[in-house]
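Read the structure below first, then the notes.
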There are 2 protein chains.
Amino acid sequence: MASIKDVAAEAGVSVATVSRVLNDHPSVSADARARVLSAVGALGYRPNAVARSLRTDQTHTLGLVISDVMNPYFTELARSVEEEARALGYSVIIGNADERPDLQDHHVRNLLDRRIDGLLVSPTDGGSPLMLDAARAGTPMVFVDRWIPGVDVPVVRADGRTAVRDLVAHLHGLGHRRLAIIAGPAATTTGRERVEAFREALGAYGLELPDAYIGQGDFQAESGRRVTEGFLDLAEPPEVVFAADNLMALGALDAVRARGVRVPDDIALAAFDDIPWFVHTDPPVTAIAQPTGELGRAAVRALVARIEGRPGESVTLPARLVVRRSCGEPYPASPEPDPAQAPAVQHPAKNRSHT
Amino acid sequence: MASIKDVAAEAGVSVATVSRVLNDHPSVSADARARVLSAVGALGYRPNAVARSLRTDQTHTLGLVISDVMNPYFTELARSVEEEARALGYSVIIGNADERPDLQDHHVRNLLDRRIDGLLVSPTDGGSPLMLDAARAGTPMVFVDRWIPGVDVPVVRADGRTAVRDLVAHLHGLGHRRLAIIAGPAATTTGRERVEAFREALGAYGLELPDAYIGQGDFQAESGRRVTEGFLDLAEPPEVVFAADNLMALGALDAVRARGVRVPDDIALAAFDDIPWFVHTDPPVTAIAQPTGELGRAAVRALVARIEGRPGESVTLPARLVVRRSCGEPYPASPEPDPAQAPAVQHPAKNRSHT
DNA sequence: CCCGTCGATGTAATCGATTCCACGAGTTCC
DNA sequence: GGAACTCGTGGAATCGATTACATCGACGGG
């Protein structure tokens, strides 16, 4: 592969001049510039990003460590992150932690070794020493979706508290009194917060959240299935199951279908995170939608600000309830409900760029 | 951040010795090794991968350019690619082309600039000059899922021909005679092949595939919706719509739902690519399942073989039909059909590692 | 006419690693 | 006892870029 020396030789100038042309430094003669450009074209030369990074100590690359690529929520997040980063002149390297702290560490270490300019993390646990050290050592970092308390790093996330209250109001209005939740790992903020918000919202209606109605999941489908089976085996099964993410909701659907239980007649189902498929499941699933694209973009902006020496602030955006049929609401006869009716939006797909 | 010089100073040896310890070169005394290791620990030193890559001309990194991250099929592919690559000591950088040739080029260029060791591509088009040049210039490359004819690059893909024949047999057996397809872009091999396989299978039953029943899609949801609306507007609408990928099937579902048309009573639906959600849609969707994980792993093995100077062969694996309810088959009364019955598998989710 | 300034260019140091080569000390073998 | 080897080590070149500094010619002002 041609190097800058080959270009210099071909153009009959020094490597310094070639470099100046490439970085369009002002003091190059029109003649030299033309000769360099034509040599570049003739050789099909492309600057070696590795060498450039070594010299300038900048990779123009962001690392993104997400909890699970197979989760459509994170997939959409990754997409918006890459889009915004590209617009700002950065590339993104994605590391998939698969909800495993050891894998998360592997990717953080790998990204740090590659000297990425900044790190975007959605931590799977309370924070490995590695990540905390990196943050302390001054690696520009931003948490997205989940975060680690007590670390001085901006956080970009959605606040689901209000939406969870709306959900509980909706469920209570439908006459449900025994509500259960499939929680995420206690080591994650979202794992804890969603349970807390749920408990708090129940409290407002004088309802309890007994331990038997808190199933411990891990944000993956299999755990949703397992926990739901446990709920169905109880002497007094819950009337509603609220899954703290969309994959556990998928697992819950697997479980109820395997048992021949009907939704919402026998049991109601709701989920945190809205995805396009929820419109077409049987029945369509009531869910809490996060402004995923906005979160990704805001996170990148905050991170790039940090990298470039500007402040870089935390951002919290509201999530909102999307009511469908899985909790038993009398559904409008027309295929499309009144779009003006709040807080309900029928087709999240319509907000997505490919749709 | 500490460099190899700092470690050398701390340990009282030369940088050469430090490097030898790090790459466990045999000729280092036990004493020197111990001193270096403790210096490494004390300083929290990690070798700079950028500098190392510059010197060794190896990045231990694979580039993966996929057509669309939001497509669960590619998401699963990416996951298995990363897994296998990690097992073989490589990292993966993913570029999402979003079915856009210009974006694909952007990522290929970016990856080449970063001097990745090899490239895994699922081309969105007939092949940009950039990619063809890279292949000719000797960049180790492997095509996965889709490929470009006439280029000397191994191809790892699934053959859907048999499964499509099974599908048409199934549809014909149910009495359907007017079958339509939502095709992918003609610039892609999968876009063309699936139409051809479908036409051929129809031919075996003496059925035609008229132009009006070939809708031009682009593998994204919105095109599936648009094409399906076109089909429904025909004087003689098809009895079956076969979507060439899962996102267009989602779009088709959107369209039929918006019209209040029932599946499978008014129109049947089938899709290429099976995903976990198809089990829970209303109705469950009959689909052709690819051995996605196997494809990803085989592609990585072929690419790494090429990188390391070994042959690296093309691989073709069979896809298979998974019958569900969306085409109108009388569904067994029990929630689970007999698993021995071929060619049908009910829960693709069970084959996925997180389930 | 001479000197200071400016624009264009080249030389060489540098980034952080790897690795070839040379060197000194200790062994082995004749 | 000395030649030939081995082993552990350090010095220095190298990868491909960027950039501070030096140089040189042209030009304008006094």
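Numbered from 1 within each chain, the chains take letters A, B, ... in sequence-line order.
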On a heavy-atom basis, which atom in B:Gly89 and which in B:His60 lie closest, and how many Å separate them? O-ND1, 3.5 Å
B:Asp113 atom CG is separated from D:dA17 atom C1', nearest whole Å, by 13 Å
Whole-Å distance between C:dT19 C1' and B:Arg52 CZ? 13 Å
Within 6.0 Å of CG in A:Asp152, more than 12 heavy atoms from elsewhere: no
Check this for me: A:Glu313, atom CD, are more than 12 non-hydrogen atoms of other residues, nucleotides or ligands nearer than 6.0 Å? no
Determine whether B:Arg157 and B:Asp145 satisfy the following criterion, salt bridge (charged side-chain N to carboxylate O under 4.0 Å, His left out), listing intermediate values before the conclusion. CA-CA 4 Å; B:Arg157 55 184 275 262; B:Asp145 183 51; over 6 Å; no
For atom CG of A:Asp133, is the number of surrounding heavy atoms from other residues, nucleotides or ligands below 6.0 Å larger than 12? yes
When the axes are fitted on five pairs at both termini, how much does the helix from C:dC1-D:dG30 to C:dC30-D:dG1 curve, in 10° steps? 60°
Could you state the CZ-P distance from A:Arg114 to C:dA17, rounded to the nearest angstrom? 15 Å
Rounded to whole Å, how long is the line connecting atom CG of B:Asn23 with atom P of C:dG16? 17 Å
Pairs under 3.5 Å (N/O, protein and nucleotides 6-15 of chain C):
unit_1: C:dT9; atom_1: OP1; unit_2: A:Ser29; atom_2: OG; d: 2.8
unit_1: C:dT9; atom_1: OP2; unit_2: A:Ser29; atom_2: N; d: 2.8
unit_1: C:dT9; atom_1: OP2; unit_2: A:Ser29; atom_2: OG; d: 3.1
unit_1: C:dG10; atom_1: OP2; unit_2: A:Ser14; atom_2: N; d: 2.8
unit_1: C:dG10; atom_1: OP2; unit_2: A:Ser14; atom_2: OG; d: 2.9
unit_1: C:dG10; atom_1: OP2; unit_2: A:Thr17; atom_2: OG1; d: 2.8
unit_1: C:dG10; atom_1: N7; unit_2: A:Arg20; atom_2: NH2; d: 2.8
unit_1: C:dG10; atom_1: O6; unit_2: A:Arg20; atom_2: NH1; d: 3.4
unit_1: C:dT14; atom_1: O2; unit_2: A:Arg55; atom_2: NH1; d: 2.7

Under 4.0 Å between a Lys/Arg side-chain N and an Asp/Glu carboxylate O for B:Asp31 and B:Arg35? yes
Touch check for A:Asp57, heavy atoms < 4.0 angstrom, all strands: base, sugar-phosphate only, or nothing? nothing
Euclidean distance, atom CG of residue A:Leu22 to atom C1' of D:dT19 [Å, nearest integer]: 14 Å
Contact check, side chains of A:Tyr90 and A:Glu82, non-hydrogen atoms, under 4.5 Å: no
Do A:Arg146 and A:Glu99 pass the salt bridge (charged side-chain N to carboxylate O under 4.0 Å, His left out) test, and can you show the C-alpha distance, the side-chain angles, and the key distance before you say yes or no? CA-CA 12 Å; A:Arg146 312 177 184 174; A:Glu99 303 288 359; 2.9 Å; yes
Grab the CZ-C1' distance between B:Arg46 and C:dA17 for me, whole Å please. 14 Å
